Structure formats: structure tokens, C-alpha cells
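Since the structure is predicted, the reported quantities are computational estimates derived from the model, not experimental observations.
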Amino acid sequence: MPSIALAAGIAVIAMNPAIGAVAIAIQAAALALGCALGWYRGAFTRLSVDAVTHEVTSKASAAGVILVLAAFFVRYAARAFLGQEGSALHLNAALITDAFLLFAIRMIVVQRIEIWLRCTRLLAQARADRAASKPTR
């Protein structure tokens, strides 16, 4: 999923690259915020490993859901503000759309990486615990 999202985002951004310091700063801020929210969302996901089968299960926490709802609220608030003030700030719709796209892609990619890293550690620990509990002959 992260690879597909990343490829799609690069393709869309390449069609209309950011021009100017303000546009680049807005997109960099979107990437940074997406990274932070993705990491928090991944960190708040509850993971568990079955001791016998080593099957990993995940469950979104309330904090993770609240973060996503907050992101939607910010998006709608920004849409309302930029609809009224966007032209005065010399911002166009493509720049704002691209910034939200970069935010979403970065959030997805970082969240999945955080969960993958945690799953890898949990599985390694479960395998080590299982190997240590096997009786020796």
C-alpha cells in the first residue's frame, strides 16, 4: 500500500510541480505534518502476537481515530478559510490539493512503516520466547 500511494503521489505532483518558495514551504509543511500524524497513528495502533501461531493482529486505538478526525476537521477548516482568503494569499487550488495529497500519502507511508517496525520486533520477541521455552533433549 505505501508503495502504491507513493507512486501515485509522485505522478500527480510531477504533473504540476511546486513553483516558488511559498509553494515549496507549504508542501514541505504538509509532508512534515503527515509524517508526524502517521507516526502517532501507527504508534497508537495496538498490536498483539499469538504465541503459538505468531499471527499478528492490530486494533486502532481511540487516540488514532481522534487523530484522523482532527485531520478531517483541519482539512475542512482550511478549505473554508482558503476558499475565502486563498486568492489574497496567492494560493491556487492545485497547490492546496497537492499539499493535502502529500500530507495523506506521507501519513499512510509513515504509519505503515511504524507498524511494520513494531510487528517485526514483536514477531522476533515471540519467536525468541518460543525457542527459549522449548525443552532441550
Side-chain angles (χ1 to χ4, degrees):
M1 177 66 175
S3 299
I4 294 169
L6 193 57
I10 289 171
V12 169
I13 299 300
M15 286 190 265
N16 187 19
I19 299 172
V22 172
I24 292 170
I26 289 171
Q27 290 186 350
L31 286 170
L33 289 172
C35 183
L37 186 62
W39 183 82
Y40 278 111
R41 191 168 176 216
F44 286 132
T45 301
R46 293 186 202 123
L47 301 174
S48 60
V49 178
D50 185 274
V52 177
T53 65
H54 295 152
E55 181 178 321
V56 179
T57 56
S58 66
K59 182 178 180 185
S61 69
V65 173
I66 290 169
L67 285 173
V68 171
L69 292 175
F72 279 112
F73 174 75
V74 168
R75 179 184 179 274
Y76 285 110
R79 174 189 263 183
F81 173 76
L82 292 171
Q84 297 171 359
E85 304 295 328
S87 61
L89 297 171
H90 304 291
L91 302 174
N92 62 30
L95 172 63
I96 302 306
T97 303
D98 289 352
F100 280 120
L101 178 67
L102 289 172
F103 169 81
I105 289 170
R106 187 65 174 245
M107 184 179 73
I108 291 167
V109 169
V110 171
Q111 175 193 4
R112 299 295 168 95
I113 289 171
E114 168 64 20
I115 290 172
W116 178 77
L117 290 171
R118 288 180 46 221
C119 283
T120 302
R121 288 191 298 264
L122 287 171
L123 281 171
Q125 183 63 45
R127 289 178 180 134
D129 291 348
R130 187 172 184 185
S133 68
K134 285 187 178 179
T136 57
R137 292 181 189 195

(request) Drop me the distance from Thr120's OG1 to Ile115's CD1, to the nearest 0.5 angstrom. (result) 11.5 Å
(message) Please enumerate all residues that pass side chain to side chain donor-acceptor pair (under 3.5 Å) together with Trp39, with sequence neighbours excluded.
(response) Glu114
(message) Test of understanding: with side chain to side chain donor-acceptor pair (under 3.5 Å), list the residues that count as partners of Gln125, not counting sequence neighbours.
(response) Asp129
Side chains of residues 103-112: which donor-acceptor pairs under 3.5 Å do they make with residues two or more places apart or in other chains?
{"unit_1": "Gln111", "atom_1": "OE1", "unit_2": "Arg41", "atom_2": "NH1", "d": "3.3"}

(message) In this structure, would Ile10 and Met15 fall into the same cluster of hydrophobic residues linked by side-chain contacts under 4.5 Å?
(response) yes
(message) Once rounded to the nearest 0.5 Å, what's the spacing between atom OG1 of Thr53 and atom CZ of Arg130?
(response) 8.5 Å
(message) Tell me every residue that passes side-chain contact (heavy atoms from CB on, under 4.5 Å) with Ser3, counting only those two or more places apart in sequence or in another chain.
(response) none
(message) Taking His54's backbone N and O only, do any of them form a donor-acceptor pair with Arg127's side chain (distance below 3.5 Å, no angle check)?
(response) no
(message) Through direct or indirect side-chain contacts below 4.5 angstrom among Ile, Leu, Val, Met, Phe, Trp and Tyr, which residues connect to Ile24?
(response) none
(request) Only counting residues at least two apart or in another chain, list the ones meeting side-chain contact (heavy atoms from CB on, under 4.5 Å) with Ala51. (result) none
(message) Please enumerate all residues that pass side-chain contact (heavy atoms from CB on, under 4.5 Å) together with Ser58, with sequence neighbours excluded.
(response) Thr45, Leu47
(request) Output all residues satisfying side-chain contact (heavy atoms from CB on, under 4.5 Å) with Leu117, sequence neighbours left out; order by chain, then residue number. (result) Ile113, Arg121
(message) So which atom in Ala30 and which in Ala99 form the shortest heavy-atom distance, rounded to 0.1 Å?
(response) CB-O, 3.2 Å
(request) May I ask whether Leu33 and Phe44 are part of the same hydrophobic cluster, defined by side-chain heavy atoms of I, L, V, M, F, W, Y residues being less than 4.5 angstrom apart, directly or through others? (result) yes
(request) With sequence neighbours excluded, give me every side chain to side chain donor-acceptor pair (under 3.5 Å) pair touching residues 25-36. (result) none
